[in-house]
Amino acid sequence: MSIHNSLLCGFENSHFSEVPVRRILTDLTIATMEPGGPAYGLVERGAVGVEDGTIAWVAGEGGAPSDWRGVDVEDFSGRLMTPALVDCHTHIVFGGNRAREFEMRLEGATYEEIARAGGGIVSTVAATRALSEDELVDAALPRLDRLIGEGAGTVEIKSGYGLTIEDELKMLRAARRLGELRPVRIRTSYLAAHALPPEYKGRADAYLGEVVLPGMEAATAEGLVHAVDGFCETIAFTPDEMRRVFDKARTLGLPIKLHAEQLSDLGGAKLAASFGALSADHLEYLGEDGVAAMEEAGSVAVLLPGAFYFLREKKLPPVAQLRAAGVPIALATDCNPGSSPMTSLLLAMNMGCTFFRLTPEEALAGVTRNAARALGLADEIGTIEPGKRAEFAIWDVDHPAELAYRIGDNPLHRRIVA
């Protein structure tokens, strides 16, 4: 048996269950994550009825409908139930790693010196191009398994390390195959506007016209794209260049997302909001006009504390302003080889609290309800309420605040997906 098949069997035995036609899950503390009620939407000593993979009802003790008598009941001995977690921003399909670059930085090397030595995104692009689709799948599976092993039911995966039409398609195909090999929902984002490859240095317009836009058409025709993303920054693409990408996405009927305001305020989030973006991500340098635009558009602010930590950033995202404006805040791992080699949503929750001063309830909402919204899935997952998919994480904890409180611990008892 291969290591990946062995891992999958382990998840099937301990973290994954198929739900029969009707089933009652009982003796649970349920963090429904529905807004507007008690903290965490908490239901004490609760039960959930599942029918054909969908939540039929949620009730407190003794509240099961009378017509559900005789249905199979599973008792969870008072454990905590949350929605299955959602990682709404990852780059887990890539080749190689950049551990040596990390070491060089700590030894005092500058970015320029690292680049001259073959480091930076160029090294990841080269390593990714060198791998076949099968090899990319094999490399990504352990990363995905770690996310699943901490209760993730949905994971977004971006392209962006191929930077040719065929290599971007190869990444997206590999990402989709991960969802066939594991019991997890995969959402794919087309991120060819991530960086300029070496062969297009100084020729951004040509790269957009010859690779990004026709590649988007090809990926859409093949059914590989759920959303279009880009990197709007001084080291990547300008707002005018990103507008060209988003105009194309609009003609293809694709929603958009954007890496924005990570290193400077170029107005990327405001641009994305003008296109009704699902989310703008990073946002350390987001200004008041960007916050207002996101509020008006209903875009989600996806914060990425792993990159903030790994790059030793100092500028905090404007959490208080986002909170005051009612902009939904999500958290994600940003798993990638260069700035956030992290595969733990639980750690992202802790970092979101310690670095960005989110509350534990906001952190949990950030990897459930708001993360689902950032992927356009708010009608299907992210809360425990009738009509949503039966995707749950069961935890060996007494209170949901423990999920953000613990460091380096995984109290997952079981993951149940429809």
Side-chain angles (χ1 to χ4, degrees), residues 10-19 23-34 37-50 55 58-61 73-88 144-155 183-185 330-333 342-354 358-372 381-385 388-418:
F11 287 134
E12 287 176 333
N13 291 336
S14 61
H15 295 315
F16 170 71
S17 300
E18 291 186 357
V19 182
R23 185 178 182 184
I24 296 175
L25 313 178
T26 190
D27 196 6
L28 290 156
T29 298
I30 306 171
T32 68
M33 300 312 297
E34 288 193 77
Y40 302 96
L42 215 59
V43 176
E44 303 280 358
R45 304 191 71 177
V48 177
V50 176
I55 300 169
V58 181
E61 185 177 18
V73 176
E74 185 166 7
D75 189 301
F76 284 91
S77 304
R79 291 182 172 91
L80 174 71
M81 170 188 277
T82 70
L85 304 188
V86 178
D87 197 344
C88 63
L144 180 63
D145 286 340
R146 286 190 283 274
L147 292 170
I148 292 172
E150 285 192 355
T154 300
V155 177
V184 64
R185 182 198 312 256
L331 290 170
T333 63
M342 179 168 75
T343 51
S344 172
L345 274 174
L346 295 176
L347 182 55
M349 290 172 63
N350 179 271
M351 287 180 169
C353 294
T354 54
L358 297 179
T359 68
E361 183 179 2
E362 287 174 325
L364 186 54
V367 297
T368 54
R369 181 178 74 235
N370 292 339
I381 58 171
T383 58
I384 299 174
E385 58 182 305
K388 295 286 184 76
R389 298 297 295 160
E391 300 187 5
F392 313 120
I394 313 293
W395 308 91
D396 285 317
V397 301
D398 295 323
H399 190 275
E402 291 183 55
L403 299 179
Y405 158 75
R406 302 183 186 212
I407 303 173
D409 182 48
N410 179 11
L412 184 69
H413 170 73
R414 189 158 161 202
R415 195 187 68 121
I416 300 174
V417 300

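Reckoned from all heavy atoms, side chains included, excluding hydrogens, waters and symmetry mates.
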Which heavy atom in Thr32 sits nearest to a heavy atom in Gly41, and how many Å separate them? OG1-O, 2.8 Å

Would a line drawn from the ring center of His399 to the ring center of Tyr40 be shorter than 6.0 Å? yes

Residue pair Ile394 / Leu25, side-chain heavy-atom distance below 4.5 Å: no

Do you know the tightest heavy-atom contact between Thr29 and Leu42? CG2-CD1, 3.9 Å

For the CD1 atom of Ile381 and the CD atom of Glu391, what is their distance to the nearest 0.5 Å? 5.5 Å

So do the side chains of Thr333 and Leu345 get within less than 4.5 Å of each other, counting heavy atoms only? yes

Determine whether Leu364 and Met349 satisfy the following criterion, side-chain contact (heavy atoms from CB on, under 4.5 Å), listing intermediate values before the conclusion. CA-CA 7 Å; Leu364 186 54; Met349 290 172 63; 4.0 Å; yes

Shortest non-hydrogen contact from Thr383 toward Ile55: O-CD1, 4.4 Å

Are the side chains of Arg414 and Phe76 in contact, using a 4.5 Å heavy-atom criterion? yes

Whether Asp87 side chain and Ala152 backbone form a donor-acceptor pair below 3.5 Å: no

Contact check, side chains of Lys388 and Pro83, non-hydrogen atoms, under 4.5 Å: no

Heavy-atom donor-acceptor pair, Glu150 side chain to Leu346 backbone, under 3.5 Å: yes

Quick one: closest heavy-atom pair of Thr368 and Ala84, and the distance? CG2-O, 4.3 Å

Compare every heavy atom of Glu362 with every heavy atom of Leu358, then report the nearest pair and how far apart it is. CA-OE1, 3.4 Å

With a 3.5 Å distance limit and no angle check, can you tell me whether Arg369 reaches the backbone of Met33 through a side-chain donor-acceptor pair? yes

Which distance, rounded to the nearest 0.5 Å, do you find between the CG of Asn370 and the SG of Cys88? 9.0 Å

Search all heavy atoms of Met342 against all heavy atoms of Met351 and return the closest pair with its distance. SD-SD, 4.1 Å

State the CG-CG distance between Leu412 and Leu85, to the nearest 0.5 angstrom. 8.0 Å

Any side-chain heavy-atom pair from Arg406 and Pro411 closer than 4.5 angstrom? yes

Any chance you could measure Glu74, atom CD, to Thr26, atom OG1, to the nearest 0.5 Å? 10.5 Å

Name all residues meeting the salt bridge (charged side-chain N to carboxylate O under 4.0 Å, His left out) criterion together with Asp27; count only those two or more places apart in sequence or in a different chain, and write none if there are none. none

What pairs with Arg45 under salt bridge (charged side-chain N to carboxylate O under 4.0 Å, His left out), at least two apart in sequence or on another chain? Glu61

side-chain contact (heavy atoms from CB on, under 4.5 Å), that's the test. Do Asp396 and Arg79 meet it? Break it down for me. CA-CA 6 Å; Asp396 285 317; Arg79 291 182 172 91; 2.4 Å; yes

Taking the side chain as every heavy atom from C-beta outward, state whether Leu80 and Pro400 have any atom pair closer than 4.5 Å. yes

